[in-house]
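So the structure is just underneath, and the comments pick up after that.
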Number of protein chains: 2
Amino acid sequence: MSETNMDVGEHAALFPCGSSDHEDCGLRLILDRLGEKWTVMTLAELTSGPRRYRELERALEGISQRMMTLTLRRLERDGLVVRHVEATVPPSVSYELSELGHSLATRLSEMVTWSRKNKSLIEASQAEFDARG
Amino acid sequence: MSETNMDVGEHAALFPCGSSDHEDCGLRLILDRLGEKWTVMTLAELTSGPRRYRELERALEGISQRMMTLTLRRLERDGLVVRHVEATVPPSVSYELSELGHSLATRLSEMVTWSRKNKSLIEASQAEFDARG
DNA sequence: CAGCATCCTCTATGATACTG
DNA sequence: CAGTATCATAGAGGATGCTG
């Protein structure tokens, strides 16, 4: 009853991202990253603990070396992932989520829950939509 | 069953999207949509209530007609937005969030909160990272 | 007003080769 | 092992013109 009953009149934006505010309230900052092909899977893999470069590469089946590096660099740049270097021979480099990274991963897991819950609903809608030309 | 021999104090994955599960637990289904350039702003605008095509176009300053239509079609296809047609002359078409759309918008607003809260942290990290390249 | 069709550009990503 | 550098390409998105 009190579910979605937040009267949606004319001017009560649930979240102010669009309109004249082109800076998107900072959402794009993180959404652009999440929209990249391998970012989410990389974060997901790292929620289990630190991983070495090669381990990640194996876990993310199909990723190119180029994208593995790019993805990790960008996550590091955002402060979501921390890079550790062991100056051994051969070198050993591991990556792990920062505190910020973990906090994002938590949010992401909530989105996963939502996705799981509504996946069939969405796919049904798509199927119906497609069935009409 | 598998090689659990390397438990370096690992925890279970917070969300199971990567590794062998290529279907991404359905997250990509929605993340791909949110990653598109105008989707979030469109949803944001619609949280305030129904909007006509032209109203949306004006609100989302800079969007092309092509992308406005594509974005709305895809949202409609996903069942996140409902399209209403008034067969007047000239025609009047309005769009509004479905219940599913509202539920997603709610999640999104939580992400916005997170983004707002950590925006400066991320940007600081980026600045520091760049200062060393 | 609310679109659809067409052309074009630019970027994300993939493939491949090389190195400390 | 853990990258960097280079080349190639599919697709997202922009610009423009047309229509019911």
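Every chain is numbered from 1 and lettered A, B, ... according to where its sequence line falls, protein lines coming before strand lines. Values in this document were obtained by computation on a predicted structure and should not be read as measured data.
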Inset, instruction - Whole angstrom is fine here: how far is it from CE in B/M67 over to P in C/dA5? - result: 16 Å
Inset, instruction - Using a heavy-atom cut-off of under 4.0 Å over every strand shown, decide if A/E57 touches base, sugar-phosphate, or nothing. - result: nothing
Legend entry - Nucleotide nearest A/R52 when distance is taken to its side chain, options D/dG13, D/dC1, D/dG17: D/dC1
Inset, instruction - Verify the contact: side-chain N or O of A/R74 to OP1 or OP2 of C/dT13, cut-off strictly under 4.0 Å; return yes or no. - result: yes
Legend entry - Proximity to the side chain of B/K37 - top-ranked nucleotide from D/dG3, D/dG13, C/dG3: D/dG13
Legend entry - Nearest-0.5 Å distance, CG of residue A/L72 to CD of residue A/E57: 9.5 Å
Legend entry - Worked verdict on A/L43 versus B/L14 for side-chain contact (heavy atoms from CB on, under 4.5 Å): CA-CA 10 Å; A/L43 290 175; B/L14 188 56; over 6 Å; no
Legend entry - Residue A/Y53, side-chain atoms from C-beta onward, closest of C/dG3, D/dA2, D/dG13: D/dA2
Legend entry - Exercise: identify the closest heavy-atom pair between B/L60 and B/W38: O-CZ3, 4.1 Å
Legend entry - Whole-Å distance separating the CZ atom of B/R54 from the P atom of C/dG3: 12 Å
Inset, instruction - Answer yes or no: is there a side-chain heavy-atom contact under 4.5 Å between A/T42 and A/M68? - result: yes
Legend entry - Length of the CG-C1' vector between B/L34 and D/dA12, whole Å: 16 Å
Inset, instruction - Start with the C-alpha distance between B/L97 and B/L80, add both sets of side-chain angles, then the distance that settles side-chain contact (heavy atoms from CB on, under 4.5 Å), and finish with yes or no. - result: CA-CA 6 Å; B/L97 292 186; B/L80 298 167; 5.7 Å; no
Inset, instruction - Round to the nearest Å and state the distance from B/D32 atom CG to C/dT13 atom P. - result: 10 Å
Legend entry - Nucleotide D/dG11, atom P - distance to CG of B/L70 in whole Å: 15 Å
Inset, instruction - Before accepting this row, confirm whether a basic side-chain N of the pair B/R58/B/E55 lies closer than 4.0 Å to the acidic partner's carboxylate O. - result: no
Legend entry - Residue whose nearest DNA chain C nucleotide is more 5′ - B/T69 or A/S64: B/T69
Inset, instruction - Quick one: label A/R33 by what it contacts on the DNA or RNA (base, sugar-phosphate, nothing), any heavy atom closer than 4.0 Å. - result: nothing
Inset, instruction - Compare the minimum distances between each of D/dG14, C/dT13, C/dG3 and the side chain of B/R66, then state the nucleotide with the smallest one. - result: D/dG14
Legend entry - Between C1' of D/dC1 and CZ of A/R51, the distance in whole Å: 17 Å
Inset, instruction - Could you check how far CH2 of B/W38 sits from P of D/dG13, rounded to whole Å? - result: 10 Å
Inset, instruction - Take the protein atom CD1 of A/I63 and the nucleotide atom C1' of C/dT16, then report the distance between them rounded to whole Å. - result: 16 Å
Legend entry - Closest non-hydrogen atom pair, A/L104 against B/M111: CD1-CE, 4.4 Å
Legend entry - Nucleic acid contacts - residues 81-94 of chain A versus DNA chain D, non-hydrogen atoms under 4.0 Å: A/R83, A/P90, A/P91, A/S92, A/V93
